[in-house]
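Both backbone and side-chain heavy atoms feed into the values below; hydrogens, waters and symmetry mates do not. Residue numbers start from 1 in every chain, and the chains themselves are labelled A, B, ... in the order their sequence lines are given, proteins ahead of strands. Nothing here was measured: the structure is a model prediction, and the numbers come from that model.
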Protein chains: 2
Amino acid sequence: MAQIRTFDRRRLIFQQDDPCPGLFIVGEGLVKVYNLAAGGKEHVLHLVEPGGTFAEVAAIGGFDCPASAEAMEPTICALLPLEPFKRVLAEDHGLCLGLLTGMAKWVRHFVGLMEDIVLRDALGRVAHYLLDTSGGRSDQIALPAMKKDLASHLNLTSETLSRTLRRLTESDLIDLLDGRHIRIKDAEGLRSVADGMFPES
Amino acid sequence: MAQIRTFDRRRLIFQQDDPCPGLFIVGEGLVKVYNLAAGGKEHVLHLVEPGGTFAEVAAIGGFDCPASAEAMEPTICALLPLEPFKRVLAEDHGLCLGLLTGMAKWVRHFVGLMEDIVLRDALGRVAHYLLDTSGGRSDQIALPAMKKDLASHLNLTSETLSRTLRRLTESDLIDLLDGRHIRIKDAEGLRSVADGMFPES
DNA sequence: CGAATACTTGAAATTATTCAAGGGCCGTGG
DNA sequence: CCACGGCCCTTGAATAATTTCAAGTATTCG
């Protein structure tokens with residue numbers, strides 16, 4: 001009962017305040033979910049990779065899209081239109097429970113992002129992001145497609161992100177392997193930076 | 001199957017990272033849900049009034065409290081412990097659906113707050129808050145108990161909030177009735193301020 | 001009534017942004 | 001295959017917004 005939809009690179013999938021078309025599931029590609037300010041500033045809420053979903057919240061809550069979505073690469077999605085989705089939801093208790101816990105996790109992640117933005121400075125945000133993304137296990141981190149999207153996600157300009165990464169390398173906390181990969185050199189130290197104490201200087 | 005819990009003013013109900021005790025429903029009083037930064041800075045996520053709930057997200061998702069909660073006034077809550085709550089949830093499909101749409105609305109509200117903080121400056125945030133709170137209908141607005149909590153909610157210092165309200169009154173967009181109430185004089189003008197255009201100077 | 005806390009206001013300080021310019025990578029087209 | 005143009009990233013200096021610090025007034029609670 002789902003439709004397959006394909007999108008070229010840079011193609012707008014929906015815009016803030018559009019009526020919600022249903023639930024999207026990414027099969028291939030990359031989708032940027034974001035908001036725009038009056039002046040043109042963009043905030044990247046979420047980068048959705050294959051297997052991820054978006055527009056679920058509006059689909060479930062029955063309101064218009066609270067954000068915009070754009071394909072960053074050639075992308076294939078499954079779109080589950082609103083009506084059949086609601087019908088299934090009304091009948092399938094297991095699905096309902098699954099969505100509920102999924103949504104709860106999403107909220108927690110989102111609260112975390114909010115607290116990052118509100119309670120940490122640039123250095124702390126980047127440090128915390130790196131620790132969070134590495135998951136504590138691997139010390140190798142792959143950055144999102146473009147650094148400017150990461151900057152926007154953390155509510156920084158790309159200039160500030162660049163300067164911040166430089167400061168972290170100069171403090172010997174991380175290594176910039178290539179433009180897209182980072183290695184954590186001193187997780188302990190990073191943690192203390194994330195918690196607001198900058199080491200020397 | 002719920003317990004009744006009472007809290008004095010200033011009493012901590014739970015703290016960030018505590019195991020979630022269950023779902024709270026406020027019967028009387030006022031509860032502040034907030035997060036603390038390393039340095040002591042506080043961010044007020046939510047002020048819960050009678051009829052409202054808190055800790056639902058952690059209860060549903062099965063993780064530790066992502067924030068702290070404190071009674072701002074003598075408060076009476078119903079606490080639905082975790083286990084019976086989960087049991088009910090597993091059986092009652094209607095409840096599950098209700099929570100799901102409730103959660104979706106909560107997420108939307110929260111995304112809105114996030115975008116306020118990220119995409120608007122101090123003037124825009126306050127203007128948007130006033131418009132949002134008035135609901136477009138009544139032009140009378142009752143501020144939360146303390147202005148500093150509103151400031152924290154909008155990620156401002158109380159000094160900045162004070163100055164911002166002053167600027168709005170001096171531009172004849174609002175009237176400060178008493179310390180706790182505001183009247184919107186020029187909703188049109190406020191809207192354009194919220195959208196980033198400051199009128200004169 | 002007195003102490004504590006909240007609120008306002010001004011001046012100084014700080015952080016991040018904006019503006020500007022150069023370097024590097026990549027895809028297109030000659 | 002190389003040159004060109006575009007976009008991303010980096011870096012520096014100037015700018016601007018908000019915070020911090022400080023002091024005084026107002027309000028609230030006991």
Does OP1 or OP2 of dA17(D) have a side-chain N or O of Arg167(B) closer than 4.0 Å?
no
Round to the nearest Å and state the distance from Arg166(B) atom CZ to dT18(D) atom C1'.
18 Å
Round to a whole Å and report the spacing from NZ of Lys148(A) to C1' of dT18(C).
17 Å
Please report the distance, rounded to the nearest Å, between CZ in Arg9(B) and P in dA4(C).
15 Å
Can Asp116(A) and Arg125(A) be counted as an ion pair, charged N to O under 4.0 angstrom?
no
d(CG, Leu143(A); C1', dT10(D)) in whole Å
15 Å
Grab the two heavy atoms, one from Ala90(B) and one from Leu97(A), that are nearest each other, plus how far apart they are.
CA-CD1, 4.2 Å
Nearest heavy-atom pair of Phe54(A) and Val26(A): which atoms, and what distance?
CE2-CG2, 3.6 Å
Are the side chains of Cys65(A) and Gln16(A) in touch, meaning some heavy atoms are under 4.5 Å apart?
no
Using atom CZ of Arg180(B) as one end and atom P of dA26(D) as the other, report the distance to the nearest whole Å.
16 Å
Please state how far atom CZ in Arg10(B) lies from atom P in dT28(D), giving the value in whole angstrom units.
15 Å
Which residues in residues 110-126 of chain B have a heavy atom closer than 4.0 Å to any atom of DNA chain C?
none
Which residues in residues 152-165 of chain A have a heavy atom closer than 4.0 Å to any atom of DNA chain C?
Asn155(A), Leu156(A), Thr157(A), Glu159(A), Thr160(A), Arg163(A)
Glu42(A) has an atom CD; how far is it from atom C1' of dT17(C), in whole Å?
17 Å
Do you know the tightest heavy-atom contact between Gly179(B) and Leu143(B)?
O-CD2, 4.1 Å
Might you point out which heavy atoms bring Asp8(B) and Ala71(B) nearest each other, and give the distance in Å?
O-CB, 3.4 Å
For Met146(B) and dC29(D), give me the distance from atom CE to atom C1', rounded to whole Å.
13 Å
Please report the closest heavy-atom contact between Ala67(A) and Tyr34(A), naming both atoms and the distance.
CB-O, 3.4 Å
Closest non-hydrogen atom pair between Val88(B) and Met1(B), with its separation
CG2-CE, 3.7 Å
Using only atom types and a distance under 3.5 Å, with no angle test, would you say the side chain of Thr164(A) pairs donor to acceptor with the backbone of Leu123(A)?
no
dC7(C) phosphate, OP1 or OP2: any side-chain N/O from Lys147(B) under 4.0 angstrom?
no
